[in-house]
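Okay, so here's the structure we're looking at.
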Protein chains: 2
Amino acid sequence: MRRKEGNKEEDILKAATEVFAREGFHLAKISQIAEKAGLSVGTVYLYFENKDHLLQRIFETLWEGLLDHSQKLIETPNLNALEKIDGIVDVVFDTFAENPSLGAVFQKEMHHVSNLKHTPFRTYFEQFISIGEKILAEGREQSLFHPETNLHVAVSFIFGGLRFSVHQWTLHPDAESLVIFRTGIKKIIRNGLSV
Amino acid sequence: MRRKEGNKEEDILKAATEVFAREGFHLAKISQIAEKAGLSVGTVYLYFENKDHLLQRIFETLWEGLLDHSQKLIETPNLNALEKIDGIVDVVFDTFAENPSLGAVFQKEMHHVSNLKHTPFRTYFEQFISIGEKILAEGREQSLFHPETNLHVAVSFIFGGLRFSVHQWTLHPDAESLVIFRTGIKKIIRNGLSV
DNA sequence: CCTTTAAATGAATTTGAATTCATTTATAAT
DNA sequence: ATTATAAATGAATTCAAATTCATTTAAAGG
């Protein structure tokens, strides 16, 4: 019998990420993805049930990576809440630094994915938010943070800011601007704008 | 001859905003919009060239309002940079407080609109960003802000945070949480999380 | 070097909603 | 009242792209 050559599933996901990043999910054509992956339209359907599932798998991998690293981070001893927040910023930027297209897809298509039926994506997002809230609550207990800050508001603001900044960074994803974004964002989260 | 009853154009835009907010642009059906506006599918096309133009008009009105108010704000004498930033937060929340669905559409569909050909939307966004950068530069000159903060990073982060927070607020758009979001966000932008 | 069968192909089919347009309705002018 | 015509309707058409599947290709086992 014939055997599979290379790793087509991976090739397809990589191609899909790039096409979704450039075109957006709805304008992306399966034919474009197939071409970029170097195979035919029909083959895409041997590996993925449909277009939605492609996006779903991309987000699944992404979220699992983010949550896994974040979970390890908050369990690290000898880190205070401020250091953990810096760690979260690093987790996010490290994730997207190795794959800038993923940052664009994350910014553009998260809402589409969370609307899909039969997906655990609202749960993933909620877990991430809940990790954020844990860190902030911890910081408050350690008297590092303003006690009156509303957790939900703070986490929403930081999540949105981080996500959009990553997206902006992906427009010119070089190493130098990566450092500027990372450090700039950490500084704002800690100290805000004012002196 | 027959004359137009009421303001159908307005009815359609209002209905479209609600349907786009709930379903997202691509899943929204013209038939749903027509039904919610209390008229037929064909009538929608008497008032708008196509589905894209509906979204386009919604964003046009939205951006013009935001830019107009922001422009007036930065020209107001006797406001320092910190007060101007508070003003921007207020402009944004005032805009969406009177129409929470607009906040959801703004968060979900901005990327679709900026991909449309023949639209000035990248320009609108750039103008808004440029207003933000002006305020930050001013604050730096007034020695109110950390001199080393990167303007582009700070503005991206704040824009993203503000946009996503508004979207989160629209999920439970009551007056009490509005105040909590407004004040919480202003505080974080000024002072960050740490004491 | 056949034979078997999994893998791959891409043209043909299906689908589903955007858009159109022939027909109907309602108002204003005469 | 009648007529002219703008406004409105919604069933029929169009269209583009997702999905399918009959056919072809190529590796592995005998």
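In what follows, chains carry the letters A, B, and so on, assigned in the order in which the sequence lines appear, proteins first and then strands, with residues in each chain numbered from 1. The model shown is predicted, which means the values in this text are computed figures rather than measured ones.
The stretch residues 7-15 of chain A has no heavy atom under 4.0 angstrom from DNA chain D at all. Within residues 19-27 of chain B, no residue has a heavy atom under 4.0 Å from DNA chain D.
Checked against the 6.0 Å centroid threshold, His111(A) and His167(B) do not count as a close aromatic pair. Between His26(A) and His112(A), the gap from one ring centroid to the other is short of 6.0 Å. For Phe164(A) and Phe164(B), the ring centers are positioned 6.0 Å apart or more.
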- Take Thr183(A) and Asn150(B) through the side-chain contact (heavy atoms from CB on, under 4.5 Å) test and state the conclusion after the steps. CA-CA 9 Å; Thr183(A) 55; Asn150(B) 180 290; over 6 Å; no
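If Lys29(A) and Ser40(B) are placed on DNA chain D by their nearest nucleotide, the residue sitting closer to the 5' end is Ser40(B).
In this entry the distance linking CG of Leu54(A) with C1' of dT19(D) reads 13 Å, nearest Å.
The pair Lys14(A)-Glu10(A) does not meet the salt-bridge criterion, since no charged nitrogen lies less than 4.0 angstrom from a carboxylate oxygen.
Lys186(A) pairs with exactly one of Asp86(A), Asn191(A), Asp90(A) by the side-chain hydrogen bond (donor to acceptor under 3.5 Å, both in side chains) rule, that one being Asp90(A).
Below 30°, between 30° and 60°, or above 60°: for Phe159(B) and Trp63(B) the angle between ring planes is below 30°, a parallel geometry.
Here Phe48(A) lies out of heavy-atom contact (under 4.0 Å) with every strand. Residue contacts for Ala34(A): at a heavy-atom cut-off of 4.0 Å it reaches no nucleic acid atom on any strand shown.
Counting only N and O atoms by type, the side chains of Gln56(B) and Glu60(B) include no donor and acceptor under 3.5 Å apart.
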- Query: What one-letter contact string describes nucleotides 19-30 of chain C from 5' to 3', where B marks a base within less than 4.0 Å of any protein heavy atom, S marks contact via sugar-phosphate atoms alone, and - marks no contact?
  - Reply: BB----BBBB--
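Linking Ile, Leu, Val, Met, Phe, Trp and Tyr whenever their side-chain heavy atoms come within less than 4.5 Å puts Leu178(B) and Ile180(B) in one cluster.
By the 6.0 Å and 45° rule, Lys108(B) does not stack over the aromatic ring of Phe20(B).
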